[in-house]
**Student:** 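Here you go, one structure.
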Protein chains: 2
Amino acid sequence: MGTNGHASTLGEVAALAGVSKATASRAINGRHKVSPQAQAAVLDAVRELGYTPNGAARSLVTRRTGSVAVILPESDERVFTDPFFARLLHQVARSLREHDLQLVLLLAQPGDETRLLTYLRGRYVDGAVVASHHRDDHLAEHLSDVGLPCVFIGAPWTGGERVSVVDSDNTGAATQAVRVLLESGRRRIATIAGPGDMRAGHDRLQGWRQQLEAAGLDSSLVAFGDFTEDSGAAACAQLLDAAGDLDGIFAASDLMALGAMRELESRGIRVPDDVAIVGYDDLGVAERTRPPLTTLRNPIGEMATEAVRILLEAIDHGGRGAPRRVVFVPELVRRDSV
Amino acid sequence: MGTNGHASTLGEVAALAGVSKATASRAINGRHKVSPQAQAAVLDAVRELGYTPNGAARSLVTRRTGSVAVILPESDERVFTDPFFARLLHQVARSLREHDLQLVLLLAQPGDETRLLTYLRGRYVDGAVVASHHRDDHLAEHLSDVGLPCVFIGAPWTGGERVSVVDSDNTGAATQAVRVLLESGRRRIATIAGPGDMRAGHDRLQGWRQQLEAAGLDSSLVAFGDFTEDSGAAACAQLLDAAGDLDGIFAASDLMALGAMRELESRGIRVPDDVAIVGYDDLGVAERTRPPLTTLRNPIGEMATEAVRILLEAIDHGGRGAPRRVVFVPELVRRDSV
DNA sequence: TTGAAAGCGGTACCAA
DNA sequence: TTGGTACCGCTTTCAA
């Protein structure tokens, strides 16, 4: 802006540069031929006036804002505590940067999705990556109604056929976890499951159960957590109280595994000697537990990158085009907790 | 949007309702008198078409977007790890909700502030709350140049006179911490300081030093961390190696204090018997350490609320009006680490 | 290569 | 209360 309080306009830049608004616009955006003199004059004027285009005016005609949202319909407690989100955002931001897009993070408090949807319908962003959604938020339907290009990380409960999703094979990974436990001779294998209203929680539980049933073993040793450390400790306590003879635990997140190990330690139960444990995620904490945790690597970084790729494609195609579906396969990381 | 891919416009709504665009607009925004029939007709049309106003078009004339940014020029690692941010965002979101404003979070990776500033200049948000800023980001000057209403939580290094700031008395709080240590008879008091390029880090170090010098004691026992737990452990190790006889520590964050306690424990040093320790923040972790941590309560919630209040005021006044300044006083919370 | 002018989709003024 | 209309600030035809 100039020395006074008002932001300068393209008209003023044009006037100062002695060209038309059209030419000024072309000089600034640089996608068209402009004579060197005009170019220079405009750029000087821009600098002198401290001009930046008004986003609303520009968006109104280009139908682009230059920003992409990451929507996290999750309690801030978890968002700011689980490395999953840090990794996700880090990677999304990285990918967006290459395309010169601004990342805006929208934390949707469960309950007030109305304002969020209004915002999204207002087209203040060009598209959205959604992660950590829950059964009841119906985000897939809503976003599909809104017509905003979007990609879900992890399949939504409902409406999944209407949006693109980048997923990972949670069920398969969980069966792998149980297999490792079985191979080390464990027979009383419990699970600390994630929230039942989240796909990842549900599917990992599913995998655990499938594999146990296939082995003809008891699949009733379940306690639920919400992916946080404390919830893992609590679930573990519950499990131990109910089945003192358990010898293996599959925790649906490393954080919960960590909590469980804390609980085990406090009861003088040794890992892996007395109880073996397998986690899920491998986003740093698994390396630092004592003993280091055998876990499944959640390919969240790759998923984020792919999600952005698909999203940008959708945005380029104006949101038309069939929903895409990609599945990544988590891999087992062997450490010392089994 | 309708059954096809294009979002409907106010004109279409008006046509369907059999009224003018002007009336349709009034019916939708409801700040003007509109006859009941017109009102109903418009609302029906809106519903039928699934209409939502185009944000860009609206913003272009109202000069409002209905959203406010929280800018965090901080590594995602810290943002997603320090309860400070969770608390801050929780409170800001709460306050904004009352005014029906959407919170958008902007994580500024150090280095690429250019895109962020372009975004802000584009006026995609009505204002911004800035926290966790560093010496080199010069955000205060930049935002003041941009002319965007903003409030800083914690004074910026430079340009502080040009923006509103909500601060807390870090220096005073640190002197208090040292006083507690002195009162319990400690004489070799070290500090684990925060980053030197952050006001909070700098000021707390300052307070520690002042109080020690006032007491005629050695004020050379300093190690730096970055507010994270690991950095606290490392700093503590460093301190212990340099001065095995230290009997008190003031850590500039509870997370660093926690790391320090971990290190002390691993060396068999007892808290508070051998070494007393005072933290800073009291955002939950201090209650859960063993022993519970004596600390200074960082009034971040109150600061956030106040920041939003000031910001909304500034937005209402069109960004004119003198910068405001408010200082909160942290209070001592006595627990068992001293 | 350049400029004039027509929108983009709303809001708000003014007159009726 | 309502409708006509002039913008908001920018991009993009279309002609020159």
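Quantities reported herein were computed from a predicted structural model and do not represent experimental measurements. Note: hydrogens, waters and symmetry copies are ignored here, and every other heavy atom, side chains too, is used. Chain letters run A, B, ... following the sequence lines, proteins first, then strands; residues in each count from 1.
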**Student:** Send over the distance from B:Arg64 CZ to C:dA12 C1', rounded to a whole Å.
**Tutor:**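 Distance, rounded to whole Å: 15 Å.
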**Student:** Go through the steps for A:Tyr51 and A:Thr9 under the test side chain to side chain donor-acceptor pair (under 3.5 Å), then give the verdict.
**Tutor:** CA-CA 7 Å; A:Tyr51 168 79; A:Thr9 71; over 6 Å; no
**Student:** Does either side chain, that of A:Asn29 or that of A:Arg58, offer a donor lying less than 3.5 Å from an acceptor on the other one?
**Tutor:**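 A:Arg58 and A:Asn29 do have a side-chain donor-acceptor pair below 3.5 Å.
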**Student:** Looking at B:Pro149, B:Pro323, B:Ser144, which one forms a side chain to side chain contact (heavy atoms under 4.5 Å, CB included) with B:Val163?
**Tutor:**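 By the side chain to side chain contact (heavy atoms under 4.5 Å, CB included) criterion, B:Val163 pairs with just one of B:Pro149, B:Pro323, B:Ser144: B:Ser144.
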**Student:** At under 4.0 Å between heavy atoms, which parts of nucleotides 7-16 of chain D does protein reach? Answer with one letter per nucleotide, 5' to 3': B base, S sugar-phosphate only, - none.
**Tutor:** -BBBBBB---
**Student:** I want to verify a distance call: between D:dT2, D:dG3, C:dT2, whose nearest atom is closest to the B:Ser20 side chain?
**Tutor:**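 For the B:Ser20 side chain, the nearest candidate turns out to be D:dG3.
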**Student:** Compute the angle between the rotation axes at the two ends of the helix from C:dT1-D:dA16 to C:dA16-D:dT1, each taken over five pairs, rounded to 10 degrees.
**Tutor:**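 Inter-axis angle at the ends, rounded: 40°.
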**Student:** Classify the angle between the aromatic ring planes of A:Phe152 and A:His133 as parallel (below 30°), tilted (30 to 60°) or perpendicular (above 60°).
**Tutor:**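 Perpendicular: the ring planes of A:Phe152 and A:His133 meet at over 60°.
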**Student:** Would you please name every residue forming a salt bridge (Lys or Arg N to Asp or Glu O under 4.0 Å) with B:Asp44, sequence neighbours left out?
**Tutor:**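 With neighbours one apart ignored, the set is B:Arg47.
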**Student:** State whether a side-chain donor-acceptor pair under 3.5 Å links B:Ser132 with B:Glu74.
**Tutor:**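 Yes, side-chain donor-acceptor contact under 3.5 Å.
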**Student:** Check for a donor-acceptor pair, side chain of B:Asp126 on one end and backbone N or O of B:Val68 on the other, with a separation under 3.5 Å.
**Tutor:**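 Absent.
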**Student:** Can you confirm whether more than 12 heavy atoms, excluding those of B:Arg94, are under 6.0 Å from its CZ atom?
**Tutor:**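 No - once you tally the heavy atoms of other residues, nucleotides and ligands closer than 6.0 Å, there are 12 at most.
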